[in-house]
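Note that ligands are numbered from 1 as they come in the structure, with each ligand's atoms numbered from 1 the same way.
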Amino acid sequence: MSSAMRSTVTLHVVSSLDGFIAKKDNSVSWMDSPGDVYEKGVAEGNADDEVAAIDCFVLGARTYQHALQLGWPYGDTPTVVMTNRELPSTRESVEFYSGDLKRLVGEILAPRYGNIWLVGGAMLGQSFLRLGLVDEIRLMIAPVILGDGVHLFSDSGTEQKWHLKNVVAYKNGFVELSYRRQSTDSWPESGYVRRAPLITSA
Ligand SMILES: NC(=O)c1ccc[n+]([C@@H]2O[C@H](COP(=O)([O-])OP(=O)(O)OC[C@H]3O[C@@H](n4cnc5c(N)ncnc54)[C@H](OP(=O)(O)O)[C@@H]3O)[C@@H](O)[C@H]2O)c1
């Protein structure tokens, strides 16, 4: 194993019990706590060091536009938005990209950032999964069935095995499942070597 610093891409999303990350009307009230208490759970909140140390967020254009409407949750952390359109720039921390995702990760993100969080939506998450660009998945399951909406995993490519790293149950009934990718067919170990991207051209 190299001692060079590595970058890790973590896919982080909140899903309903039936696998939807958004309702068709984009409403988010289903993510609110149901009000009952799961006694064995830990207190709400997720302020561990890893979360605090996020270096960069990556999101699809539709998630970006929805985040602007809801009130920007990403602070001043560098944020990369994927779009094929000319979207108005709203914040200094936001950069827009289009095109090849392997190149984006290998040439642009990995040399600059260690802890990269891909926060959706489904379309972009599925593209990353199909290309083997996700190292870790943190899936927060909300205690609700939506019945319809945007599927998290509808088009994620071929079978992939993931190793369960951690499970946290919260008092509000949400459960966070953390997984690490098992196979290493696309990239060495579970990350990318900084300043030495494996893919150097589109
Ligand atoms: N529950 C959760 O944790 C969670 C997380 C994130 C989002 N959401 C919700 O999910 C919904 C949006 O998800 P979504 O799957 O519909 O859309 P999305 O993944 O957020 O955005 C899709 C858009 O990203 C752009 N894009 C994707 N790949 C690209 C590439 N390689 N190059 C250039 N542009 C690329 C395209 O934008 P252009 O059309 O501009 O080209 C595409 O239409 C929203 O309601 C959001 O609030 C929920």
Side-chain angles (χ1 to χ4, degrees), residues 9-34 44-46 50-51 54 56-75 77-91 94-110 116-134 136-157 168 170 172-179 186 197 199 201-202:
V9 176
T10 299
L11 172 61
H12 181 268
V13 280
V14 181
S15 168
S16 65
L17 275 173
D18 50 345
F20 296 108
I21 66 157
K23 290 180 92 166
K24 283 195 169 161
D25 65 1
N26 270 336
S27 59
V28 292
S29 56
W30 62 275
M31 289 191 201
D32 293 345
S33 292
E44 188 56 81
N46 198 350
E50 198 179 348
V51 175
I54 294 170
C56 165
F57 291 105
V58 181
L59 38 152
R62 292 179 60 181
T63 297
Y64 167 69
Q65 290 178 308
H66 199 200
L68 288 176
Q69 286 169 15
L70 293 175
W72 188 247
Y74 307 112
T77 302
T79 299
V80 166
V81 175
M82 296 303 296
T83 182
N84 296 300
R85 293 174 286 162
E86 294 286 328
L87 292 176
S89 183
T90 51
R91 311 180 65 89
V94 173
E95 292 179 72
F96 298 101
Y97 283 93
S98 65
D100 189 276
L101 296 176
K102 280 192 175 181
R103 193 171 173 200
L104 172 83
V105 172
E107 292 187 9
I108 295 167
L109 301 183
I116 300 161
W117 273 41
L118 171 62
V119 291
M123 195 182 291
L124 191 61
Q126 289 161 14
S127 297
F128 269 68
L129 284 166
R130 276 197 304 273
L131 293 166
L133 293 172
V134 178
E136 301 204 357
I137 297 173
R138 289 173 81 128
L139 184 58
M140 185 72 90
I141 307 286
V144 58
I145 287 176
L146 294 179
D148 199 4
V150 178
H151 272 292
L152 171 57
F153 288 132
S154 66
D155 187 14
S156 304
V168 181
Y170 292 96
N172 65 0
F174 283 60
V175 177
E176 189 181 60
L177 307 169
S178 301
Y179 296 92
S186 297
I199 291 179
S201 61

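At least one N or O atom of Arg85, backbone or side chain, sits closer than 3.5 Å to an N or O atom of ligand 1. In terms of N/O distances under 3.5 Å, ligand 1 is approached by Thr83. Between Gly121 and ligand 1, an N or O atom pair is found at a separation short of 3.5 Å. Ligand 1 has no N or O atom lying under 3.5 Å from any N or O atom of His12, backbone or side chain. Here's the thing with Val150: none of its N/O atoms is less than 3.5 angstrom from an N/O atom of ligand 1.
Proximity of Ala61 to ligand 1, defined as any heavy-atom pair under 4.0 Å, is shared by backbone and side chain alike. For Leu101, every heavy-atom contact with ligand 1 shorter than 4.0 Å involves the side chain, none the backbone. When non-hydrogen atoms are compared, ligand 1 lies under 4.0 Å from the side chain of His66 (C-beta onward) but not from its backbone.
Distances from ligand 1 to the non-hydrogen atoms of Ser127 include no value under 4.0 Å. Residue Val119 places a heavy atom less than 4.0 Å from ligand 1.
Here the straight-line distance linking atom OG1 of Thr63 with atom CE of Met123 works out to 9.5 Å at 0.5 Å rounding. In this structure, the separation between NE2 on His151 and OG on Ser156 is 11.0 Å, given to the nearest 0.5 Å. Here the straight-line distance linking atom CG of Leu11 with atom CG of Leu118 works out to 5.0 Å at 0.5 Å rounding.
Ring geometry for Tyr74 against Phe57 counts as tilted: the plane angle lies between 30° and 60°, on a 0 to 90° scale.
Considering only non-hydrogen protein atoms, atom 26 (N) of ligand 1 sits nearest to Met82 O, 3.7 Å. Summary of contacts: the protein heavy atom closest to atom 21 (O) of ligand 1 is Arg62 N, 3.3 Å. With hydrogens left out, the protein atom closest to atom 15 (O) of ligand 1 is Met123 N, 2.8 Å, a heavy atom. Of all protein heavy atoms, the one lying nearest to atom 7 (C) of ligand 1 is Thr63 OG1, 3.0 Å. With hydrogens left out, the protein atom closest to atom 9 (C) of ligand 1 is Ala22 CB, 3.7 Å, a heavy atom.
Between Lys23 and Asp148 there is no salt bridge, since no side-chain N of the basic residue sits under 4.0 Å from a carboxylate O of the acidic one.
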